[in-house]
Protein chains: 2
Amino acid sequence: MSGEMGMFISYLKKKDLKLTDQRKIILDVFLKTERHLSVEDLYNIAKKKDSSIGQATVFRTLKLLREADIAKEVDLGDGKTRYEHKYGHEHHDHLVCLECGRSIEAVDSKIERLQDGLCRKHGFLPQRHKMEIFGICKKCR
Amino acid sequence: MSGEMGMFISYLKKKDLKLTDQRKIILDVFLKTERHLSVEDLYNIAKKKDSSIGQATVFRTLKLLREADIAKEVDLGDGKTRYEHKYGHEHHDHLVCLECGRSIEAVDSKIERLQDGLCRKHGFLPQRHKMEIFGICKKCR
DNA sequence: TTGATTTTGAAATTCAATATCAATTATAGC
DNA sequence: GCTATAATTGATATTGAATTTCAAAATCAA
Ligand SMILES: [Mn+2]
Ligand SMILES: [Mn+2]
Ligand SMILES: [Zn+2]
Ligand SMILES: [Zn+2]
């Protein structure tokens, strides 16, 4: 059992929620993908494992995975919410290619430090941030 | 006539589009606001000047203002697109208060420089970026 | 003024996301 | 294992922002 499955089981127990086959399948599908997939993407993959799974359950389960700190919402500017792995992954920002749509994960500790400084200068208490740089990736140049 | 109105007239002429009363009113309303307003907000203000104005026209006109580099779309993470003044305004990032919803405009030239460096390191050609820090503002602390 | 072309507002439509609800399922206690 | 209770499910309807459609109205170059 992966660390994430254990986390999910604990989270469900804590909240008096139930571990269902659908939830297991959706977490499994989510963990096996490395890209930033939309709910619809994940739904289409999950359907192959259990054709009776409904879209609503996928939406609901991804919300649970977010609450359990297993998944993180990513908004790359197209209309739909995407999800990425959170557990065991450091904070990072995104370089989003306008040509091919892929996104590179990157982080610069100096930027992170300066962001805190910028907040302090404005008397602002930072909790989280989002930095996305849009442009053209190496492969598409 | 403000610089923006002149820009808008030139843009419309260049694209063989027409200058209508509705477009004038909507630009006027937009220029008189300093906050980041949603289309619905702007629609409600515009209706007071001309009660026959429709929502679709406000959506369409703000898209034109964006194309003319007069307005800039701002996505502060609630479901709706907001707009801010672009002409005559330097690039800036946003510190968004999770308590009161207001946003502080801020910029740090060191961060901007490091962002370029981060892109270079990944062979990525940056075109634009978005940085939003969510937290609690001075007043709400 | 004319008339081709664009624009308009109301209404219909799209699309992601959420809510509703009756039927099904998980699970704690026996 | 059974049972009772509460949670979950998938189909369907609904929401809300944004877009499209379309016939009537307005713009503006000639
Ligand atoms: Mn990522
Ligand atoms: Mn701003
Ligand atoms: Zn690319
Ligand atoms: Zn505040």
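Here is the naming used below: chain letters follow the sequence lines, and residue numbers restart at 1 for every chain.
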Atom CG of Leu125(B) and atom CG of Asp116(B): how far apart are they, to the nearest 0.5 Å?
9.5 Å
Set of side-chain contact (heavy atoms from CB on, under 4.5 Å) partners for Ser38(B), sequence neighbours left out
Glu40(B), Asp41(B), Lys80(B), Arg82(B)
Out of curiosity, does Ile136(A) fall in the hydrophobic cluster containing Phe124(B) (side-chain heavy atoms, cut-off under 4.5 Å, transitive links)?
no
To the nearest Å, give me how far apart CD (Gln55(A)) and P (dT20(C)) are.
19 Å
N/O to N/O distances under 3.5 Å, protein versus nucleotides 12-17 of chain D:
| from | atom 1 | to | atom 2 | distance (Å) |
| --- | --- | --- | --- | --- |
| dA17(D) | OP1 | Lys80(B) | NZ | 3.1 |

Using the salt bridge (Lys or Arg N to Asp or Glu O under 4.0 Å) criterion, which residues pair with Arg66(A)? Sequence neighbours excluded.
Glu73(A)
In this structure, are over 12 heavy atoms from other groups packed under 6.0 Å from Lys47(A) atom NZ?
yes
Below the 4.0 Å mark, does dA17(C) have OP1 or OP2 next to a side-chain nitrogen or oxygen of Lys63(A)?
no
How long is the straight-line distance from SG of Cys137(A) back to CG of Leu95(A), given to the nearest 0.5 Å?
10.0 Å
Heavy atom of residues 26-34 of chain B under 4.0 Å from DNA chain C: which residues?
none
What's the OH-P distance between Tyr43(A) and dT18(C), to the nearest Å?
17 Å
Has the side chain of Arg35(A) got a donor or acceptor atom that lies under 3.5 Å from a matching backbone atom of Glu84(A)?
no
Neighbours of DNA chain C within residues 11-25 of chain B, by heavy-atom distance under 4.0 Å
Asp16(B), Leu17(B), Lys18(B), Thr20(B), Gln22(B), Arg23(B)
Side-chain donor-acceptor contacts of residues 5-17 of chain A below 3.5 Å, not counting sequence neighbours, with atom names and distances?
| from | atom 1 | to | atom 2 | distance (Å) |
| --- | --- | --- | --- | --- |
| Ser10(A) | OG | Gly6(A) | O | 2.9 |
| Tyr11(A) | OH | Glu67(A) | OE1 | 2.6 |

Go through residues 46-54 of chain A and report each residue with a non-hydrogen atom lying under 4.0 Å from DNA chain D, sorted by number.
Ser52(A), Ile53(A), Gly54(A)
Taking atom C1' of dA18(D) as reference, at what distance in whole Å does atom CD of Glu73(B) sit?
11 Å
Hey, is CZ on Phe134(B) packed in by over 12 heavy atoms from elsewhere, all under 6.0 Å?
yes
In chain order, what residues pass the ring-ring contact (aromatic ring centres under 6.0 Å, His included) check against His91(A), with sequence neighbours excluded?
His129(A)
Partners passing salt bridge (Lys or Arg N to Asp or Glu O under 4.0 Å) against Asp21(B) (at least two apart in sequence or in another chain):
Lys24(B)
Of all residues at least two apart in sequence or in a different chain, which pass the side-chain contact (heavy atoms from CB on, under 4.5 Å) check with Thr33(A)?
Leu37(A), Leu42(A), Ile45(A), His85(A)
Holding to ring-ring contact (aromatic ring centres under 6.0 Å, His included), I want the full list of residues that pass it with His36(A), two or more places apart in sequence or in another chain.
His94(A)
Might you list the N or O atoms of the protein lying below 3.5 Å from N or O atoms in nucleotides 21-24 of chain C, with each pair's distance?
none

Just to verify, which of Val58(A), Thr61(A), Thr81(A) counts as forming a side-chain contact (heavy atoms from CB on, under 4.5 Å) with Val39(A)?
Val58(A)
Between Lys49(A) and Asp28(A), is the closest basic N to carboxylate O distance under 4.0 Å?
yes
